[in-house]
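The next block holds one structure in the form of C-alpha cells; read it before the comments.
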Protein chains: 2
Amino acid sequence: MTEDYSQYPKHLVAVDCIIFGFDGENLKILLVKRNFEPQMGEWSLMGGFIGSDETSDEAATRVLHTLTGLENIYLEQLKCYTEIKREPTARIMSISYYALINIEKDIQINEQYNAEWVELKKAPDLIFDHNDMVKDAVARLRRRASTRPIGFELLPEKFTMKDLQNLYEAIFDEKFDKRNFTSKVNSLDILVNTNKKDMSSSRKGSFLYRFDEKKYNKKISQGFMFKI
Amino acid sequence: MTEDYSQYPKHLVAVDCIIFGFDGENLKILLVKRNFEPQMGEWSLMGGFIGSDETSDEAATRVLHTLTGLENIYLEQLKCYTEIKREPTARIMSISYYALINIEKDIQINEQYNAEWVELKKAPDLIFDHNDMVKDAVARLRRRASTRPIGFELLPEKFTMKDLQNLYEAIFDEKFDKRNFTSKVNSLDILVNTNKKDMSSSRKGSFLYRFDEKKYNKKISQGFMFKI
DNA sequence: TCAAAAGTGTTAGTGTTACACCCATGA
DNA sequence: TCATGGGTGTAACACTAACACTTTTGA
C-alpha cells in the first residue's frame, strides 16, 4: 500500500525574518510598514511565502536579499508558528528566521517596503504574532551570543574593544566591567590587534581588532569552547 | 490592495516525533517500522500530517497519543525540515518534536505501528532525514537537561539518587563523580526525600526522592536558575 | 596643562573538581 | 561476618566579580 497524499490538507507556509543590526550603541531591528492588506500601514517583520521549489532557508535568504540587496547574511531558523488564526485572513504557517547584519555595510534598502531600523527597545507593536517572534529571537540571540562568536556578524570588520563591549551590553541589556570584559575577551585569544587606531573617539585613540576566524576554527577543532 | 493567496503554493506539512525514554540504564527512543510505502519495512520516527484545523503542537500530541495512549506528554518543537527532496515521493515539510516519557508508565503501545524502544546508541539507520532529526533532538535534550529540570519527565515519580545520576550520565554520555553529583543536586534544593527506601538494589536500600515542582517554581520566580 | 577616553592587575569569594572511607543490611 | 551498594566531607584549584589609577594626546 502506498500513501495517498491527496487526502491530506496542504498549507500556505511563509517565512518571517527578525533582522538584527547594531549601530555602535543600540541593537536595532529592521521593520517594514505594510503597504498591502491585511493590516496595511502597520509595522511587521519582513516575510514572504515559501515557493514550491525552494527550501525555507532559501526563501528567507531571498526575502532578505530582496529587502537589503545583501548576500551571505548570517541566518538561523528559529521556530515554526502554526496557530490556526495567527493571521486573520487565511491559515498561514510561518517559520521565523533571525538574521544578523552589519548595519554599516552599504545596504540598499528596497524603497518599496517602507523599511526602517528601529531600536529594539523602542520597537512599535507588530501585527499578528510578530511580537512573539521578536521576543523568541532576542532570547535565541542572547543564548547564541554567549556560546558562539556571532557578535562579529553585527560589527564592521575592524572594531574597538569598546564597540565589542557596547554590542554585548546591548544584546544582554546589562553593563559589564571594562577590565573584566577585556581580559575575558583577550583570554579567548580569537581576536587580532590590527595595530591601527580609531582616533575618532578619543585623543589617545583605541586599538582596532579583527575577529580571527581561522584561529577560532582551529581552536574549536581542538576542543575550545567559546563562552562569554 | 489585498493579498491574493491563491497565487502561492501550498505544502504538505507533517510532524515527526523523537520520543525519548529511560529504562534506568540507557536512553532509548521509540521507533516504528513502516508498514506502508515508501520505504516499507524500514525504521522511522513516528509522524503524521498536520490537519487543516490543528496546530503543529496539536498534531504532535495527537500522533503521540495515537502511538502510546498517553496524554500530557512533555513535548517541545525542534525544527522545521524543508529540503525539497527530503522524501522521495512528494515535497513534504516536517516539523520535528521531541517528547520525554516515563518508560515505566504502563504505555499501551498501539500494535498497529510495530513500535519498539531501541537504545539511542544502537539505533538503526532511519529513513529520510530522520537520523538528522534524532541528532538535533539529542543536542537539544542535552542543552535543556542542563538548564531545566526536564530529566524528571523521564523518571518515575520516586527515584533514587543513583537513578538520577544514571539518567544524566545517559543523557550526556559521560560519567560523573557520585559525591559531586549528589551534593550538586542537593544544593539545588528542589528534591524531597520521601524517607522511603528502594530495597531492590542493595541490602542497605537507597532513599527515594521526588521532584518538588512547587518549590522549584517558587525558586524560579525568585530568580533561581537550574544548572547541572 | 588639562580634559577625555584608553588601558591595565590584584584580591576575595565562589564554584568546581578530585578523591576514599564508613555505614547498614540481608544472606 | 562478610559482601554489596549507599552515603558522606575536605582540600586544591579555577573562575568570577569587584574595584581605581596611570597613560596618551589634541586642544
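So you know, we letter chains A, B, ... as the sequences are listed, proteins then strands, and number each from 1. Remember, predicted model here, so these are calculated numbers, not experimental data.
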For this session: Write down the atom of Lys197(A), the atom of Lys204(A), and the distance for their closest heavy-atom approach.
Result: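 In terms of heavy atoms, the two residues are closest at NZ-O, 3.3 Å.
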For this session: Compute whether any side-chain donor of one residue and acceptor of the other, for Tyr113(A) and Thr66(A), lie under 3.5 angstrom apart.
Result: no
Problem set entry | Thr160(B)-Asp198(B) side chain donor-acceptor pair, cut-off 3.5 Å |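 Per modelled atom types, Thr160(B) and Asp198(B) side chains form no pair under 3.5 Å.
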Exercise. Does the dA27(C) base have a donor-acceptor partner in the side chain of Arg203(B) within less than 3.5 Å?
Worked result: no
Exercise. Between the base of dA24(C) and the side chain of Lys204(B), is there any donor-acceptor pair under 3.5 Å?
Worked result: no
Output the single nucleotide from [options] whose closest atom is nearest the side chain of [X].
X: Arg179(B); options: dG9(C), dG7(D), dG9(D); value: dG9(D)
X: Asn180(B); options: dT16(C), dT8(C), dT17(C); value: dT17(C)
X: Ser202(B); options: dG5(D), dA20(C), dG7(D); value: dG5(D)
X: Phe207(B); options: dA6(C), dC19(C), dG7(D); value: dG7(D)

Quick one: [X] [atom1] to [N] [atom2], roughly how many Å, whole number?
X: Lys178(A); N: dC21(D); atom1: NZ; atom2: P; value: 14 Å
X: Asp177(B); N: dA20(C); atom1: CG; atom2: P; value: 10 Å
X: Leu188(B); N: dG15(C); atom1: CG; atom2: P; value: 12 Å
X: Met225(A); N: dC15(D); atom1: CE; atom2: C1'; value: 15 Å
X: Lys197(A); N: dT23(D); atom1: NZ; atom2: P; value: 14 Å

Exercise. On DNA chain D, nearest-nucleotide positions of Gly205(A) versus Lys184(A): which is more 5'?
Worked result: Lys184(A)
Exercise. Do any side-chain nitrogens or oxygens of Ser201(A) fall under 4.0 Å of OP1 or OP2 in dA6(C)?
Worked result: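 Checking dA6(C) against Ser201(A), a side-chain N or O does come within under 4.0 Å of OP1 or OP2.
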For this session: Using a 4.0 Å heavy-atom cut-off across all strands, classify Lys162(A) as base, sugar-phosphate, or nothing.
Result: sugar-phosphate
Problem set entry | Whether Tyr98(B) and Phe20(B) hold their rings parallel, tilted or perpendicular, with breakpoints at 30° and 60° |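 Perpendicular, since the angle between the ring planes exceeds 60°.
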